[in-house]
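Heavy-atom basis, side chains included; hydrogens, waters and symmetry copies ignored. So you know, we letter chains A, B, ... as the sequences are listed, proteins then strands, and number each from 1. Source: prediction; values computed, not measured.
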Number of protein chains: 2
Amino acid sequence: MEKYHCKAAYILEASVPSEEKAMAMADFFKVFGDTTRIKILSLLLESELCVHDIATLLNMEQSAISHQLRVLRQNKLVKVRKEGKSSHYTILDNHVYKIITQGLDHLSE
Amino acid sequence: MEKYHCKAAYILEASVPSEEKAMAMADFFKVFGDTTRIKILSLLLESELCVHDIATLLNMEQSAISHQLRVLRQNKLVKVRKEGKSSHYTILDNHVYKIITQGLDHLSE
DNA sequence: TGTTCATATGAATGATTGTTCATATGTTCA
DNA sequence: TGAACATATGAACAATCATTCATATGAACA
């Protein structure tokens, strides 16, 4: 009895992604898989903003925004510029624009 | 007392994404935010495959694969071609390649 | 028709995760 | 130094979700 049903499967044994690569990839996209982070990134694509203003614009608690900014920071999608009492965030990675654009494209079809 | 700290925030009030748009976007990226689905999509980017072969290649249960293929189907990322007893899956959306490529690009930096 | 094989799916479970609450850190200014 | 403000963060809770198990659907074939 054959191991596979499709001929192509034999060749694809070499292309099975490693657990590490697949996980790194999935973790990266998980960052875009949250409503709040999408909103934050959308705003930051327009302009630098401080935490307080993001929270006010999105009508959410400062703490929730801060937690999500941390996720974005850890994934190197945004960077902080401290100025006095406040922290100003900007988009760090130029893939953010491209990826969000792809998402919009897909949804508009 | 001012509502915002940053000047730009006033203008950005018009750009706050709607809950629906942000959620549609996040839901779309959530699909890419899982290790198993990333592996499945990576394989399907190479060739059409039936459920049994995907499960064998990934060394996972048929049921787990079938559940994830349903998610991919519902999000219009793959399509099925029934042939006899088996179901053959292919990538439906050309954004899949682009998005996965962006993910790889980001990770390689 | 009955058996076998391929796939799909519902329910249950364990793990992950976003938000809230409370509080800590750190800056400005009187 | 102390008060007010901006941000960060830990713990707890609720909700979401991927996998497993059991089973159903459906095709092929003897």
Is there a donor N/O on one and an acceptor N/O on the other, under 3.5 Å, for the side chain of B:Gln62 and the base of C:dA6?
no

The residue among B:Phe28, B:Phe29, B:Phe32 that forms ring-ring contact (aromatic ring centres under 6.0 Å, His included) with A:His106 is B:Phe28

Side chain B:Ser63 and base D:dC21 donor-acceptor under 3.5 Å:
yes

Quick note, B:Lys85 side chain, CB onward, closest among C:dT20, C:dC5, D:dT7 is C:dC5

Could you tell me how far apart B:Met23 (CE) and D:dA15 (P) are, to the nearest whole angstrom?
15 Å

Rounded to the nearest angstrom, tell me the gap between atom CG in B:Leu49 and atom P in C:dA6.
15 Å

Only one of B:Lys79, B:Arg81, B:Arg73 passes side-chain hydrogen bond (donor to acceptor under 3.5 Å, both in side chains) with B:Tyr89; say which it is.
B:Arg73

Winner on side-chain proximity to B:Arg70, out of C:dG26, C:dT9, D:dC21, is C:dT9

Would a distance-only check, ignoring hydrogens and angles, find a side-chain to backbone donor-acceptor pair under 3.5 Å from B:Asn75 to B:Leu77?
no

Kindly say whether, by distance alone, the side chain of B:Thr36 makes a donor-acceptor pair under 3.5 Å with the base of D:dT19?
no

What is the distance from CD1 of B:Ile65 to C1' of C:dT9, rounded to the nearest Å?
15 Å

In whole angstroms, how far is the P atom of C:dT20 from the CG atom of A:Leu58?
12 Å

Check the phosphate of D:dA8 against A:Ser87, side-chain N and O only, distance under 4.0 Å to OP1 or OP2. Yes or no?
yes

Look at atom OH of A:Tyr97 and say whether more than 12 heavy atoms of other residues, nucleotides or ligands are closer to it than 6.0 Å.
no

Rounded to whole Å, please give me the gap between CD1 in B:Ile54 and C1' in D:dT19.
17 Å

Paired nucleotide for D:dC5 [Watson-Crick or G-U wobble; both distances under 3.5 Å]:
C:dG26

Using only side-chain N and O atoms of A:Ser66, determine if any of them is under 4.0 Å from OP1 or OP2 of D:dA8.
yes

Whole angstroms only, please: what is the NE2-P distance between B:His52 and C:dC5?
11 Å

Identify the nucleotide, in any strand shown, that forms a Watson-Crick or G-U wobble pair with D:dT16, with both distances under 3.5 Å; if there is none, say none.
C:dA15

Is any side-chain nitrogen or oxygen of A:Arg37 closer than 4.0 Å to OP1 or OP2 of C:dG18?
yes

In whole angstroms, the gap separating P of D:dA6 from CZ of A:Arg81 amounts to 16 Å

Counting only side-chain nitrogens and oxygens, does A:Tyr4 get under 4.0 Å of the OP1 or OP2 atom of C:dA6?
no

Measure the distance from NE2 on A:His5 to P on C:dT7 and round it to the nearest whole Å.
7 Å

Between D:dT9 and A:His67, is there a base-stacking contact, meaning the centre of the base's six-membered ring lies under 5.5 Å from the residue's ring centre while the planes stay under 30° apart?
yes

Residues, nucleotides or ligands: over 12 heavy atoms within 6.0 Å of A:Lys21 NZ:
no

A:Asp53 or B:Val71: which one's nearest nucleotide on DNA chain D is closer to the 5' end?
A:Asp53

Taking only N and O in the side chain of B:Gln68, is any of them less than 4.0 Å away from OP1 or OP2 of D:dC17?
no

Toward the 5' end of DNA chain C, by each residue's nearest nucleotide, B:His88 or A:Ala64
B:His88

Do A:Ser86 and A:His88 have side-chain atoms, one donor and one acceptor, less than 3.5 Å apart?
yes

